[in-house]
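Right, one structure below, let's go through it.
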There are 2 protein chains.
Amino acid sequence: MTANTPWLDRRQLRAWIRLRAVLELLPGTLDTQLRNDAHLTEFEYTALAMLSEAPGRTLRMTGLAQRTNATLPRLSHVVSRLEKRGLVERFPCPENRRATNARLTEEGWAKLLQAAPGHVAAVRRYVIDALTDEQVDQLAAIGDAVLAALDPSGQGAVLYTHYDEEPDPEQDSA
Amino acid sequence: MTANTPWLDRRQLRAWIRLRAVLELLPGTLDTQLRNDAHLTEFEYTALAMLSEAPGRTLRMTGLAQRTNATLPRLSHVVSRLEKRGLVERFPCPENRRATNARLTEEGWAKLLQAAPGHVAAVRRYVIDALTDEQVDQLAAIGDAVLAALDPSGQGAVLYTHYDEEPDPEQDSA
DNA sequence: CCAGCAAACTTGTAGCTACAACCATTCCGG
DNA sequence: CCGGAATGGTTGTAGCTACAAGTTTGCTGG
């Protein structure tokens with residue numbers, strides 16, 4: 001364990017232990033709440049939410065994958081299941097025949113409305129309300145730094161900046 | 001989306017979006033590195049590491065589950081697989097015949113030694129070295145707050161305090 | 001001393017994700 | 001205008017986790 005690699009000192013280890021615990025415990029807790037309340041995973045919820053904010057409640061699979069931090073295969077499977085449940089519909093993109101659009105159905109919109117309050121309450125309870133206002137800002141900055149290290153090219157920058165500005169209907173990408 | 005539930009304001013939403021992205025991207029990245037380098041998941045690595053620090057390199061399943069933030073069924077499956085690979089061995093606890101001990105084998109110790117440098121380097125690269133010293137401490141405090149909200153009873157307190165003090169061989173619980 | 005409950009697991013199975021392979025379009029250079 | 005390479009997706013499958021159920025051992029009150 002004490003190799004010639006720079007090990008973590010006590011303070012760094014403390015932080016890492018905490019982060020790993022949060023990584024392990026928080027997603028499951030949020031998934032459980034959401035599944036009991038609305039039979040949705042947090043990932044499915046996020047996908048529906050991202051569609052709901054898009055113009056025409058429609059996004060191309062690639063765009064939705066970016067906004068949800070998912071790989072395309074994963075998203076494809078998830079959308080297939082959501083489609084079977086009638087919450088989303090897929091149709092070919094008119095402008096690019098190899099692309100597919102996903103659109104939120106009325107039923108999907110209703111499901112999102114039903115699920116949102118409980119989910120927001122859970123996020124508040126376990127994260128936002130557990131922190132001071134200062135810590136909330138610190139968390140955002142720490143997240144920025146980690147994400148920059150994970151993805152130096154800034155591919156996901158669409159997402160990370162999306163909530164820094166007023167929504168702009170013309171920010172469709174190439 | 002704008003129900004009678006207190007929604008998140010812009011700054012809170014920023015922080016939450018970042019955290020969700022980290023939750024989604026960081027575990028997979030660490031798993032990938034570790035699997036390519038040592039054919040281990042981060043969870044398996046952590047389990048081996050916790051055993052390596054225990055007296056006699058041995059822990060009861062329940063104790064190991066607490067230290068790894070895992071449920072018992074999950075841990076049982078994982079240890080079964082590690083046992084098949086010869087990295088861990090299970091044997092009945094002498095003092096309590098319904099309990100099971102898990103002990104790190106020599107092979108498991110060797111595997112851990114081989115895997116550790118690369119894993120620590122990854123943790124540094126994506127988290128520790130991406131942050132300022134101040135942010136590292138902020139992260140620890142934020143983690144504390146979120147974990148307290150997730151588990152008000154402080155069941156996992158063994159883990160959370162474990163790295164605040166010098167190791168004490170007599171901290172075995174009831 | 002024994003009935004019932006709790007503790008400490010193990011096992012079975014359904015569901016989700018990662019990875020790899022595959023297919024259909026589109027783009028681009030010669 | 002045509003032969004790759006790149007883009008945008010779907011599908012198949014192995015592996016891991018969650019949940020539920022079952023088993024054995026230990027504890028506690030009457």
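Within every chain, numbering begins at 1; the chains are lettered A, B, ... in the order of the sequence lines, protein sequences first and strands thereafter.
Of all non-hydrogen atoms in B/Leu19 and A/Val127, the two that sit nearest each other are CD2-CG1, 4.0 Å. The minimum heavy-atom distance between A/Glu42 and A/Asp31, with the atom names listed, is N-OD1, 2.7 Å. The minimum heavy-atom distance linking B/Asp144 with A/Arg18 is given by the pair OD1-NE, 2.9 Å. Scanning both residues, A/Ser52 and A/Trp109, for their nearest heavy atoms gives CB-CZ3, 3.7 Å.
Spacing between atom CZ of A/Phe91 and atom P of D/dT10 amounts to 13 Å, rounded to whole angstrom units. In this structure, the NZ atom of A/Lys84 is 12 Å from the C1' atom of D/dT10, given to the nearest Å. Going from atom CG of A/Leu82 over to atom C1' of C/dG15 covers 14 Å, rounded to whole Å. If you measure from atom CZ of A/Arg85 to atom P of C/dG15, you get 12 Å, rounded to the nearest angstrom. Between the P atom of C/dG15 and the CG atom of A/Asp31 lies a distance of 15 Å, rounded to the nearest Å. In this entry the distance linking CD of B/Glu44 with P of D/dG15 reads 12 Å, nearest Å. Between the P atom of C/dT17 and the CG atom of B/Leu23 lies a distance of 14 Å, rounded to the nearest Å. Residue B/Gln66 contributes atom CD, which lies 13 Å from atom P of C/dA7 at whole-angstrom precision.
Residue order along DNA chain C, read from the 5' end via each residue's closest nucleotide, puts B/Leu75 first among A/Glu95 and B/Leu75.
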Anything under 3.5 Å between a protein N or O and an N or O of nucleotides 18-25 of chain D, put it in a table, one pair a line.
residue: D/dC19; atom: OP1; partner: A/Arg35; partner atom: NH2; Å: 2.8
residue: D/dT25; atom: O2; partner: B/Arg98; partner atom: NH1; Å: 3.4

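Contacts of B/Ser76 with the nucleic acid, taken as non-hydrogen atoms under 4.0 Å apart, include base atoms.
At C/dG15, none of the side-chain N or O atoms of A/Arg81 fall inside 4.0 Å of OP1 or OP2 (strictly under the cut-off).
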Run the numbers on A/Ser80 and A/Arg90 for side-chain hydrogen bond (donor to acceptor under 3.5 Å, both in side chains), then give the verdict.
-> CA-CA 9 Å; A/Ser80 294; A/Arg90 262 192 286 214; 2.6 Å; yes

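Residues A/Glu89 and A/Arg57 are not paired through a salt bridge, judged by the lack of any N-O separation under 4.0 Å between the basic side chain and the carboxylate. A salt bridge does not link A/Arg60 with A/Glu95: none of the charged nitrogens is closer than 4.0 Å to a carboxylate oxygen.
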